[in-house]
Amino acid sequence: QVQLVESGGGSVQAGGSLRLSCAASAITDSLTYYCMGWFRQAPGKEREGVARIDRYGNTNYLNSVKGRFTISKDNAKNTLYLQMNGLKPEDTAMYYCAAHVQTGYCYTDFYEYNYRGQGTQVTVSS
């Protein structure tokens with residue numbers, strides 16, 4: 001069973017940076033074959049997709065984070081990253097990573113992903 005463990009969350013002031021990591025274990029084949037995504041959920045709000053990267057390296061971002069966040073993955077290390085710069089208070093949320101073996105398109109709904117992490121908290125103060 002693939003397990004995903006997020007790390008790198010924390011508390012920063014507005015304008016600061018954080019890099020989230022998502023380590024995948026029990027991968028029977030490389031992350032090369034996976035679509036992977038970052039999602040977030042703030043208190044009282046619905047979970048939303050922040051960024052995703054498909055098996056070909058194509059990326060997609062939530063409009064509000066474009067130009068500030070960068071998603072990447074290291075297939076050799078089985079690790080997904082989210083570099084977050086220029087953080088804003090509205091970025092405060094629990095951040096989750098998710099993965100699925102991509103045979104067609106890369107899913108956009110968190111619950112369509114086979115594997116999901118437990119989350120890491122990001123808090124941005126003004």
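Just so it is clear, the values below take in all heavy atoms, side chains as well, and ignore hydrogens, waters and symmetry mates.
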Less than 4.5 Å apart, side chain to side chain, heavy atoms only: is that true for L80 and I53?
yes

Side chains of Y111 and R47: is there a donor and an acceptor less than 3.5 Å apart?
yes

Closest heavy-atom pair and its distance - L82, A51
CD1-CB, 4.3 Å

What pair of heavy atoms forms the shortest contact from E6 to G119, and how long is it?
OE1-N, 2.9 Å

Residues in salt bridge (Lys or Arg N to Asp or Glu O under 4.0 Å) with E90, at least two apart?
none

Is the positively charged end of R116 above the ring of F110, judged by distance under 6.0 angstrom from the centroid and angle within 45° of the axis?
yes

Quick one: ring-ring contact (aromatic ring centres under 6.0 Å, His included) partners of Y105, sequence neighbours excluded?
Y107

With sequence neighbours left out, the residues meeting side-chain contact (heavy atoms from CB on, under 4.5 Å) with Q102 are C35, D54, R55, Y56, H100, C106

Smallest separation among heavy atoms of V50 and V65, with atom names:
O-CG2, 3.7 Å

Assigning hydrophobic clusters by single linkage (Ile, Leu, Val, Met, Phe, Trp, Tyr; side-chain heavy-atom cutoff under 4.5 Å), is L4 placed with Y34?
yes

When rounded to the nearest 0.5 Å, the distance separating OG1 of T59 from CD1 of I71 is 7.5 Å

How close do Y113 and A99 get, heavy atom to heavy atom, and via which atoms?
CD2-N, 3.3 Å

Using every non-hydrogen atom in the two residues, find where P89 and S125 come nearest and quote the distance to one decimal.
CG-C, 4.4 Å

With sequence neighbours excluded, tell me which residues meet side-chain contact (heavy atoms from CB on, under 4.5 Å) with K45.
A42

Rounded to the nearest 0.5 Å, the SG atom of C22 sits from the CD atom of Q3 at a distance of 11.5 Å

Qualifying residues under salt bridge (Lys or Arg N to Asp or Glu O under 4.0 Å), relative to R19, sequence neighbours excluded:
none

Is the shortest side-chain heavy-atom distance between Y33 and T103 below 4.5 Å?
no

Sorted by chain and number, sequence neighbours left out, side-chain contact (heavy atoms from CB on, under 4.5 Å) with V122 holds for L18, L20, M84, Y95, V124

So CG of N78 and CG of L31: to nearest 0.5 Å the spacing works out to 4.5 Å

Quick check on E48: does its CD atom have over 12 non-hydrogen neighbours (other residues, nucleotides or ligands) under 6.0 Å away?
yes

How close do T120 and G9 get, heavy atom to heavy atom, and via which atoms?
OG1-N, 3.2 Å

Atom OG of S126 and atom NZ of K88: how far apart are they, to the nearest 0.5 Å?
13.5 Å

Is C97 close to M36 at the side-chain level, that is, under 4.5 Å between some pair of heavy atoms?
no

Nearest-0.5 Å distance, OG1 of residue T108 to CZ of residue F39
7.0 Å

Is there side-chain contact between T92 and Q121, with heavy atoms separated by less than 4.5 Å?
yes

Side chains of L62 and F69, heavy atoms from C-beta outward: is any pair under 4.5 Å?
no

